[in-house]
Amino acid sequence: MDLQTISVYDRSAEQIAAQHKMLVPARIYQLVNKFFIKGGVCADVGCGIGRDSAWLSKQGYPVISIDASEGMLQQARQLNPNAYFIQDSLPLLKKQADFSFTNVLCSAVIMHLIDNQIAYAVTNLVRIAAEDGVLIISFRGTKSKDHRENGKLYSVIEVDKLVALFTQAGTTLLHSEIDYQEDRDVEWTNIVLKKLPLLAV
Ligand SMILES: C[S@@+](CC[C@H](N)C(=O)[O-])C[C@H]1O[C@@H](n2cnc3c(N)ncnc32)[C@H](O)[C@@H]1O
């Protein structure tokens, strides 16, 4: 993980929480409704304030919410006192050793990884998914020349290369799109993948 990014999330968790509460990722929720396996256990990797975890719970998904930032997890616990949170980080997701998730959401997280960590992150996101499980991955870039915004890293991720990594890791691409968020002048790349059964890889 990028320690500088996590320390920004830790230090500014309260302020970021106030912003994130106002943002509703409508497109991600549409993708969940279309592609996630109904009622299957979800991992919300990089859950932030747990807004999406709370929404998933309301839709009937059991959710485990994972984040590297203790500050963000504290905010998330306040918002969802009954949810299940784990402090763990990409690229390794070391604490997710024994469990497979039917659905994996990793929204607005992987661009915060250092370049050479992204392939490991892909391997481990696929590892924690169950066979035939579905992964929704969303990321954005930045116009900032040093690839940082308020200290947070936004690595450049080429979607073709990312999809190739996911394919090598044993998934097949179900959907890929660019979603332009007008109010923030930001382009999100959203991809949806399905983990292939081991015999098919
Ligand atoms: C932009 S927020 C996204 C939160 C939420 N998924 C959403 O879409 O609103 C990014 C979150 O990813 C977490 N994060 C950043 N790098 C991470 C890493 N390497 N492993 C796990 N979480 C990470 C941050 O702490 C932060 O809570």
Side-chain angles (χ1 to χ4, degrees), residues 1-32 36 42-57 59 61 63-80 83 85-96 101 103-128 135-142 144 147-155 157 162 179 181 183-184 186-192:
M1 69 182 157
D2 179 59
L3 290 175
Q4 188 183 338
T5 298
I6 300 307
S7 82
V8 175
Y9 277 109
D10 276 336
R11 269 187 281 123
S12 316
E14 207 173 328
Q15 182 198 338
I16 294 172
Q19 291 164 359
H20 284 195
K21 273 181 203 162
M22 309 300 288
L23 300 171
V24 177
R27 182 60 191 155
I28 295 296
Y29 295 169
Q30 285 172 353
L31 293 173
V32 165
F36 267 10
C42 294
D44 183 4
V45 180
C47 64
I49 60 162
R51 179 203 57 223
D52 302 341
S53 299
W55 179 84
L56 284 162
S57 293
Q59 311 307 306
Y61 293 95
V63 188
I64 293 185
S65 310
I66 300 163
D67 204 281
S69 158
E70 181 50 38
M72 293 300 279
L73 285 171
Q74 276 173 20
Q75 296 295 320
R77 283 187 200 102
Q78 286 175 27
L79 198 68
N80 314 300
F85 297 100
I86 298 175
Q87 187 177 17
D88 199 1
S89 59
L90 285 166
L92 296 180
L93 294 175
K94 277 188 197 158
K95 294 184 191 163
Q96 317 313 309
F101 295 89
N103 301 298
V104 176
L105 175 64
C106 185
S107 175
V109 183
I110 59 168
M111 68 275 182
H112 289 323
L113 294 167
I114 298 162
D115 274 353
N116 63 12
Q117 297 177 334
I118 289 173
Y120 293 108
V122 166
T123 303
N124 286 304
L125 285 165
V126 175
R127 172 179 59 78
I128 67 165
L135 302 96
I136 297 179
I137 313 291
S138 169
F139 60 92
R140 74 169 173 94
T142 179
S144 154
H147 304 295
R148 291 205 179 254
E149 291 179 17
N150 302 320
K152 289 178 283 181
L153 176 65
Y154 289 79
S155 286
I157 300 176
L162 185 71
D179 181 35
Q181 191 184 353
D183 53 341
R184 295 170 76 194
V186 166
E187 270 187 359
W188 291 94
T189 302
N190 303 325
I191 60 174
V192 184

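We use all heavy atoms of the structure for the numbers below, so side chains are in, but hydrogens, waters and symmetry mates are not. For ligands, and for the atoms within them, numbers begin at 1 and follow the listed sequence.
- Scanning the protein heavy atoms around atom 1 (C) of ligand 1, the nearest turns out to be Tyr9 OH, 3.0 Å.
- For ligand 1 and Ser107, the ligand atoms under 4.0 Å from any heavy atom of the residue are 3 (C), 5 (C), 6 (N), 7 (C), 8 (O).
- Looking only at heavy atoms of the protein, atom 10 (C) of ligand 1 is closest to Ala108 O, 3.2 Å.
- Ala68 N, 3.3 Å is the protein heavy atom nearest to atom 22 (N) of ligand 1.
- For Ile6, every heavy-atom contact with ligand 1 shorter than 4.0 Å involves the side chain, none the backbone.
- Every atom of ligand 1 with a heavy atom of Asp88 under 4.0 Å away is listed here by number and element: 21 (C).
- When non-hydrogen atoms are compared, ligand 1 lies under 4.0 Å from neither the backbone nor the side chain of Ala121.
- Looking at Asp67, its side chain does come within 3.5 Å of a backbone N or O of Gly48 through a donor-acceptor pair.
- In this structure, His112 and Tyr154 have perpendicular ring planes: the angle between them is above 60°, well past the 30° mark.
- Each of the atoms 27 (O) of ligand 1 lies under 4.0 Å from some heavy atom of Met72.
- Close approach of ligand 1 to Leu113 is summarised as follows: ligand atoms under 4.0 Å from at least one heavy atom of the residue are 19 (N).
- Near Met1, meaning under 4.0 Å from any of its heavy atoms, are these atoms of ligand 1: 19 (N).
- Within the 4.5 Å cutoff, the side chain of Gln96 has heavy atoms near those of the Ile66 side chain.
- Residues Val32 and Asp52 have side chains not in contact (no heavy-atom distance under 4.5 Å, counting atoms from C-beta outward).
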Go through the steps for Ile110 and Leu162 under the test side chain to side chain contact (heavy atoms under 4.5 Å, CB included), then give the verdict. CA-CA 10 Å; Ile110 59 168; Leu162 185 71; 3.8 Å; yes
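- Atoms of ligand 1 lying under 4.0 Å from any heavy atom of Ser89, numbered from 1 in the order shown and given with element: 20 (N), 21 (C).
- Within the 4.0 Å heavy-atom criterion, neither part of Leu23 lies near ligand 1.
- Side chain of Thr5 to main chain of Leu153: a donor-acceptor pair is present (N/O by atom type, distance under 3.5 Å, no hydrogens or angles).
- Residue Arg51 has at least one heavy-atom neighbour below 4.0 Å for each of these atoms of ligand 1: 7 (C), 8 (O), 9 (O).
- Summary of contacts: the protein heavy atom closest to atom 5 (C) of ligand 1 is Gly46 O, 3.3 Å.
- Residue Leu90 has at least one N or O atom closer than 3.5 Å to an N or O atom of ligand 1.
- Looking only at side-chain heavy atoms (C-beta outward), Gln117 and Leu90 stay at 4.5 Å or farther from each other.
- Proximity of Ile49 to Met72: side-chain heavy atoms (C-beta onward) are separated by under 4.5 Å at one or more points.
- Less than 4.0 angstrom separates some heavy atom of Gly48 from each of these atoms of ligand 1: 4 (C), 27 (O).
- Using a 4.0 Å cutoff on heavy atoms, Cys47 counts as a contact of ligand 1.
- For the pair Asp67 and ligand 1, the shortest N or O to N or O distance falls below 3.5 Å.
- If you check the side chains of Gln30 and Arg27, you find a donor sitting under 3.5 Å from an acceptor.
- Side-chain atoms of Asp88 come within 3.5 Å of backbone atoms of Lys95 as a donor-acceptor pair (strictly under, hydrogens ignored).
- For the pair Phe36/Leu105, a side-chain contact is recorded, criterion being any heavy-atom separation below 4.5 Å from C-beta on.
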